[in-house]
A.B. asks: 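Have a look at this one before I ask anything.
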There are 2 protein chains.
Amino acid sequence: MASKGRPGRSADDERKGRSRTPEGRRLAVDERRAQLLELGLELFAATTYDELSIDAIARAAGISKGLLYHYFPSKRDYYVATVRVAAERLLAATEAASADLDAPPLVLLERGLDAYLDFVERHGQAYAALLRSGIGSDPEILELVDGTRSALAGRIAARIGVDEGDALAHTALRGWIGFVEVTSLEWQRRRDLGRERLRELMAAMLLAALLAAGVDLGELAGA
Amino acid sequence: MASKGRPGRSADDERKGRSRTPEGRRLAVDERRAQLLELGLELFAATTYDELSIDAIARAAGISKGLLYHYFPSKRDYYVATVRVAAERLLAATEAASADLDAPPLVLLERGLDAYLDFVERHGQAYAALLRSGIGSDPEILELVDGTRSALAGRIAARIGVDEGDALAHTALRGWIGFVEVTSLEWQRRRDLGRERLRELMAAMLLAALLAAGVDLGELAGA
DNA sequence: AGCAGCTATTGAACTTGAGTCAATAGCTGG
DNA sequence: CCAGCTATTGACTCAAGTTCAATAGCTGCT
């Protein structure tokens, strides 16, 4: 262990993209932490968890790897903290939109959904990353899972004869697949719902989805 | 590079859990590959992607790390191949159940859903892993994302006055959240659907979900 | 039967990236 | 202006994925 340490921005810094917060060093703890979280929100939205190395994060923040570990005990923790911020913001945004007054419930619903969609539009990438439930999400895997959903939805669409270009109907079908997946997981976890009931719920929701999308259900009802 | 190689099961093998396929070595390519995929299905269902090391896989298969790399170019590829098998089986199972005859569509729907639920019941863990869209899925992150969903669903449930113990209603609400998430992603990706339309679809589906779950909508319709 | 060649299989070495730690530099109050 | 606290650093450790030349076990041919 010979000559070590050279904190601070002497000599040849600034050379490799470490340009953020140019004033440089020794921020107050809270500021640094906030800065890192904000940065994490950006970075994790743009890149996958494990494509983003600690070194890259540190470089982007203009600090050393060690310092990052001073603020977050591990890369995971850093990531989790980041996602937590995103989740809090999503909840806050929708809360603010719908909790305020005592307007008619349907109006509140409309406002809440609007706030939600605003969030999606604004933080597109981050939102998607959030829903992917994090870490990893190999593109190939996503494609596979997505392909499976498409196959299921497409099968039904074909059977019913949904028009290929009917965006609303296709979105509704995809959404229904989402409904089926989530309720399946929920059903599996809590064991308090009969399988029959669940199946009926799913079937009813498919009809509702098609109906809401304006699909002609004549064929379904018929033979 | 001095004295190397000692393929085969001489001496002290069998000692560390390398007991699978006891006959041992030099399987035909297809058999090995099939064996490894089947094993992967088990292992990845039980453990997270990155909690499962290549060494652990090799040990469980009773082969060397190198051989695994002979069959799959990387850990990722191995994982992807495994998920692909699962997806194929899911599609095949539902296909078989619903494609056969030309019975009434509603009956086919029922059969298809039954097949789906069978799959979920049988491969519970693997199914969940598949839907988590793979790699990673840190438990803390899952809890966070799940908590966010719960918060959203709970907010609505409270507003409407859903009974705390009403499993069907809660499942339906959770499912609706899934619907909202999936359609949001879809809306964001394909740009062919108006925001208004999407919001209306979501709202209609919430009512449908509550209705299907037998919740009294009197309050919603009223002031 | 025995040998030759093909290839499944191995073990060790290489590489990369996460996590650790003692040393140092920059504030801040006395 | 110095002393002490702490934000910050850079090199080191370690685990896990990946590579590769060497080897052993089949398989068919003579």
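These numbers come from a predicted model, not from an experiment. Chain letters run A, B, ... following the sequence lines, proteins first and then strands; every chain starts at 1.
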A.B. asks: Would one find a side-chain N or O of A/R32 under 4.0 angstrom from OP1 or OP2 of D/dT8?
C.D. replies: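 Yes.
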A.B. asks: Is the B/Y49 ring parallel, tilted or perpendicular to the B/Y79 ring (thresholds 30°, 60°)?
C.D. replies: perpendicular
A.B. asks: In whole angstroms, how far is the C1' atom of C/dA8 from the CG atom of B/L36?
C.D. replies: 12 Å
A.B. asks: Return the value, rounded to whole Å, for the distance between atom CD of B/E51 and atom P of D/dA16.
C.D. replies: 11 Å
A.B. asks: Is the CD atom of B/E143 crowded by more than 12 outside heavy atoms at less than 6.0 Å?
C.D. replies: no
A.B. asks: Below the 4.0 Å mark, does D/dA7 have OP1 or OP2 next to a side-chain nitrogen or oxygen of A/H70?
C.D. replies: yes
A.B. asks: How long is the line joining OH of B/Y78 and C1' of D/dG17, in whole Å?
C.D. replies: 15 Å
A.B. asks: As a test of reading the structure: which of C/dT9, D/dA7, D/dG17 is closest to the side chain of A/L67, going by heavy atoms?
C.D. replies: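 Shortest atom-to-atom distance from the side chain points to D/dA7.
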A.B. asks: Quick check on DNA chain C: between A/G66 and A/L52, whose nearest nucleotide comes earlier from the 5' end?
C.D. replies: A/L52
A.B. asks: Rounded to whole Å, how long is the line connecting atom OH of B/Y49 with atom C1' of D/dA16?
C.D. replies: 11 Å
A.B. asks: Can you measure B/R59 atom CZ to C/dG11 atom P for me and round it to whole angstrom units?
C.D. replies: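 Taking CZ of B/R59 and P of C/dG11, I get 13 Å after rounding.
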A.B. asks: State whether the side chain of A/W176 and the backbone N or O of A/M202 hold a donor-acceptor pair below 3.5 Å, judged by distance alone.
C.D. replies: yes
A.B. asks: Check if the side chain of B/K65 and the base of D/dT18 share a donor-acceptor pair of N or O atoms closer than 3.5 Å.
C.D. replies: yes
A.B. asks: Over how many whole Å does the gap from B/D50 atom CG to C/dG17 atom C1' extend?
C.D. replies: 13 Å
A.B. asks: Kindly point out which of D/dT9, C/dT10, C/dA18 is positioned nearest to the side chain of A/I63?
C.D. replies: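 Comparing D/dT9, C/dT10, C/dA18 against the side chain of A/I63, the answer is D/dT9.
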A.B. asks: Can you tell me which nucleotide in C/dA8, D/dA7, C/dA18 comes closest to the side chain of B/V29?
C.D. replies: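 Closest of the options to the side chain of B/V29: C/dA8.
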A.B. asks: Looking at every strand, decide which applies to A/S53 at a 4.0 Å heavy-atom threshold: base, sugar-phosphate, or nothing.
C.D. replies: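 Since only primed, P, OP1 and OP2 atoms lie under 4.0 Å of A/S53, the category is sugar-phosphate.
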A.B. asks: Using a cut-off of 4.0 Å on non-hydrogen atoms, how would the nucleic acid contact of B/Y71 be classed: base, sugar-phosphate, or nothing?
C.D. replies: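 Sugar-phosphate, backbone atoms only, no base.
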A.B. asks: Taking 4.0 angstrom as the limit, do B/D146 and B/R174 come out as a salt bridge?
C.D. replies: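 Salt bridge present between B/D146 and B/R174.
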A.B. asks: Heavy atoms from C-beta onward define the side chain here; which of D/dT18, C/dT10, C/dA18 lies closest to that of B/I54?
C.D. replies: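 Comparing D/dT18, C/dT10, C/dA18 against the side chain of B/I54, the answer is D/dT18.
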A.B. asks: How many whole angstroms separate atom CZ of A/R33 from atom C1' of D/dT8?
C.D. replies: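 It works out to 17 Å between those atoms.
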A.B. asks: Strictly by modelled atom types, are B/T94 and A/R155 linked by a side-chain donor-acceptor pair under 3.5 Å?
C.D. replies: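 Distance-only check passes for B/T94 and A/R155.
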A.B. asks: When the distance from OH of A/Y69 to C1' of D/dT6 is rounded to whole Å, what number comes out?
C.D. replies: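 The distance from OH of A/Y69 to C1' of D/dT6 comes to 21 Å, rounded to the nearest Å.
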